[in-house]
Amino acid sequence: MEGAIKCLKQAAFKSQRQRYPSVPDYAIAVHRYTDKTANGLTRCILDYLRFEGWQAERISNTGRPIDGRKRFTDAVGFTREIGSVTWIPGQGTPGTADISATIAGKSVKIEVKIGRDRQSEAQRKYQADVEAAGGTYVVARTFAGFLDWYNNF
């Protein structure tokens, strides 16, 4: 696992070296990568694909909050708040993958799962739809596992 993160850091250094050729090696800052969290693994995968020259983007289908709260001052002078915040669903496809990428002209959807996290029924349906359309769907649990898949792809 450490080898995969080390490979990512080398790719990041190489990218920074090309982007800033006049900066000395000791002054080049490289992001501290980790694949222990979902956000960290997502960042590892996104950055690696971009360093390799492919297109990759994070997909968010969260929805948005509607704030129905009201503040007022009661007769005694206390500030009160009534109402609640509700969420409306996002406009994206239910079960959409966390990362959408194009690698060597092929559509690739990458779902990031950490620890005991499992695919929902909507995510399994989305996977079936992507694969039926000729795309590739990958579930990434570690950066090393993703790198193994990428090298075989």
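Because the structure is a prediction, the values reported are computed rather than measured.
- How far CZ of Phe13 is from CD of Gln18: 11.0 Å, rounded to the nearest 0.5 Å.
- For the atom pair OG1 of Thr73 and CZ of Phe78, the computed distance is 11.0 Å after rounding to the nearest 0.5 Å.
- More than 12 heavy atoms of other residues, nucleotides or ligands shown are found within 6.0 angstrom of CZ on Arg118.
- Under the 30°/60° scheme for interplanar angles, the aromatic rings of Phe153 and Trp149 are found to lie parallel.
- With values rounded to the nearest 0.5 angstrom, Arg124 atom CZ is found 6.5 Å from Gln119 atom CD.
- Residues Ile59 and Ala97 come closest through the heavy atom pair CB-O, 3.4 Å.
- By the 6.0 Å contact criterion, CD on Gln91 is open, its count of non-hydrogen atoms from other residues, nucleotides or ligands being 12 or less.
- The minimum heavy-atom distance linking Ala27 with Val23 is given by the pair CB-CG1, 3.8 Å.
- Criterion: ILVMFWY side-chain heavy atoms under 4.5 Å apart, direct or through other members. Under it, Tyr137 and Ile114 are not part of a common hydrophobic cluster.
- Side-chain contact check for Leu49 versus Ile110: some heavy-atom pair is nearer than 4.5 Å.
- Between Phe143 and Tyr48, the ring centre distance stays below 6.0 Å.
- When all heavy atoms are compared, the tightest approach of Val30 to Lys9 is CG1-O, 4.1 Å.
- The two residues Val85 and Pro65 have their closest heavy-atom pair at CG1-CB, 3.8 Å.
- A continuous path of hydrophobic side-chain contacts links Tyr33 to Leu46 [ILVMFWY only; heavy atoms under 4.5 Å].
- Expressed to the nearest 0.5 Å, how far CD1 of Ile5 lies from NZ of Lys36 amounts to 7.5 Å.
- The heavy-atom pair separating Arg71 from Thr79 by the smallest distance is NH1-CG2, 4.2 Å.
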Show me the donor-acceptor pairs, under 3.5 Å and distance only, between side chains in residues 98-108 and residues at least two apart or in other chains.
residue : atom : partner : partner atom : Å
Asp98   : OD2  : Val112  : N            : 2.9
Ser100  : OG   : Lys109  : NZ           : 2.9
Lys106  : NZ   : Gly134  : O            : 3.2

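- Judged purely by atom type and a 3.5 angstrom limit, Asn61 uses its side chain to pair as donor or acceptor with the backbone of Thr93.
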Checklist entry - After noting the C-alpha distance and the side-chain angles of Gln123 and Glu111, does the key distance pass the side-chain hydrogen bond (donor to acceptor under 3.5 Å, both in side chains) rule? => result CA-CA 9 Å; Gln123 288 170 330; Glu111 180 64 33; 3.0 Å; yes
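- We find the CG-CZ distance between Asp35 and Arg43 to be 14.0 Å, quoted to the nearest 0.5 Å.
- By the 6.0 Å contact criterion, CZ on Phe72 is enclosed, its count of non-hydrogen atoms from other residues, nucleotides or ligands being greater than 12.
- Cluster membership check: Tyr150 does not share its hydrophobic cluster with Val139, using side-chain heavy-atom separations under 4.5 Å among Ile, Leu, Val, Met, Phe, Trp and Tyr.
- At a threshold of 4.0 Å, the pair Asp25-Arg17 counts as salt-bridged, since one of the basic side-chain nitrogens sits closer than that to a carboxylate oxygen.
- Between Glu52 atom CD and Ser15 atom OG the span is 10.5 Å, to the nearest 0.5 Å.
- Residues Ala140 and Ile45 approach most closely at CB-CD1, 3.7 Å, considering heavy atoms.
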